[in-house]
> 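Sharing a structure below in structure tokens format, with a few things to ask.
Residue indices begin at 1 and follow the sequence shown. Keep in mind that what you see is a predicted model, and the values were worked out from it rather than measured.
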Amino acid sequence: MAPLAVISLSLCFLLPLLSPAISTNSEGNALHALRRRLSDPTNVLQSWDPTLVNPCTWFHVTCDSHNHVIRLDLGNSNISGTLGPELAQLQHLQYLELYKNDISGEIPKELGNLKNLVGLDLYGNRFEGEIPKSFSGLKSLRFLRLNNNNLTGSIPRELTALSNLKVFDVSNNDLCGTIPVDGPFGMFSMPSYANNMRLNGPELKGLVPYNFGC
């Protein structure tokens with residue numbers, strides 16, 4: 001075989017090994033896609049280097065002993081932008097902390113695929129649209145805080161299937177309809193629903209105007 005042909009053949013085998021390892025890391029891809037969606041004026045995401053083997057060395061990212069991302073903590077980080085469906089690739093994620101920022105748009109329904117999620121804190125942003133019914137698939141979820149946003153629509157009845165849910169707060173939105181009473185919703189205090197002017201429930205008298213309809 002001619003020397004030039006040997007060199008060409010060798011390069012064919014070497015090039016895949018020389019490409020950035022992030023191409024084979026779906027979690028790194030998901031977080032890099034998130035970074036592209038966000039405005040980060042104070043550079044809190046500066047360490048998010050897509051050429052690294054995995055994102056476990058990035059600030060605000062926590063991994064387990066198997067290098068799976070289990071926590072994303074960007075609360076109160078002065079970021080804005082939107083979320084996308086690629087976050088569903090973080091299949092081992094247990095805590096998603098994005099509270100007190102300026103994130104807008106709808107909450108991706110794909111977050112309902114994060115089966116290991118224990119805490120979801122999106123409060124204090126500008127999220128709009130409805131609470132995704134797909135959240136009913138978050139069987140491990142214990143903490144769901146969506147308060148102080150611009151959410152509309154009703155509280156999905158599907159969420160009553162979340163038997164592990166301990167904290168639920170949707171106050172200071174624009175929700176409507178009636179409050180679920182089944183499952184864990186029987187134990188949530190009324191301040192969890194306060195200042196939703198079109199949300200109904202007998203116990204809300206004195207906290208919000210009592211107004212049927214959605």
> Under 3.5 Å, sequence neighbours excluded: what are the donor-acceptor pairs made by side chains of residues 63-71?
residue: Asp64; atom: OD1; partner: His66; partner atom: N; Å: 2.9
residue: Asp64; atom: OD1; partner: Asn67; partner atom: N; Å: 3.2
residue: Asp64; atom: OD1; partner: His68; partner atom: N; Å: 2.9

> For Lys139, is the NZ atom crowded, meaning more than 12 foreign heavy atoms sit under 6.0 Å from it?
yes

> Minimum heavy-atom separation for Pro108 to Gly84, with atom names?
CG-O, 3.8 Å

> Asn54 and Asn25: side-chain donor and acceptor closer than 3.5 Å?
no

> Would you call Val44 and Ile79 a side-chain contact if the rule is heavy atoms closer than 4.5 Å?
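A side-chain contact under 4.5 Å exists here.
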
> Would you say Asn150 and Asp174 make side-chain contact, with heavy atoms under 4.5 Å?
no

> Side chain of Asn101, backbone of Ser77: donor and acceptor closer than 3.5 Å?
yes

> Test of understanding: with ring-ring contact (aromatic ring centres under 6.0 Å, His included), list the residues that count as partners of Phe185, not counting sequence neighbours.
Phe168, Phe188

> Quick check: closest heavy atoms across Arg145 and Val167, and the distance to 0.1 Å?
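Scanning both residues, the minimum pair turns out to be NE-CG1, 3.9 Å.
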
> Measure from the side-chain N and O atoms of Asn173 to the backbone N and O of Leu151, and report whether any donor-acceptor pair falls under 3.5 Å.
yes

> Could you list the residues that satisfy side-chain contact (heavy atoms from CB on, under 4.5 Å) with Asn164, not counting sequence neighbours?
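Listed in chain order: Arg142.
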
> According to side-chain contact (heavy atoms from CB on, under 4.5 Å), who are the partners of Ser80, at least two apart in sequence or on a separate chain?
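Partners of Ser80 by the side-chain contact (heavy atoms from CB on, under 4.5 Å) criterion, ordered by chain and then number, come out as Ser39, Asp102.
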
> Hey, what else clusters with Val181 if you join Ile, Leu, Val, Met, Phe, Trp, Tyr whenever side-chain heavy atoms sit under 4.5 Å?
none

> Among Tyr123, Phe127, Phe143, find the one that has a ring-ring contact (aromatic ring centres under 6.0 Å, His included) with Tyr99.
Tyr123

> Ser134: which residues meet the side chain to side chain donor-acceptor pair (under 3.5 Å) condition with it, sequence neighbours left out?
none

> Give a yes or no on whether the backbone of Gln46 and the side-chain of Trp58 come within a donor-acceptor separation of less than 3.5 Å.
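Side chain of Trp58 to backbone of Gln46: no pair is present.
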
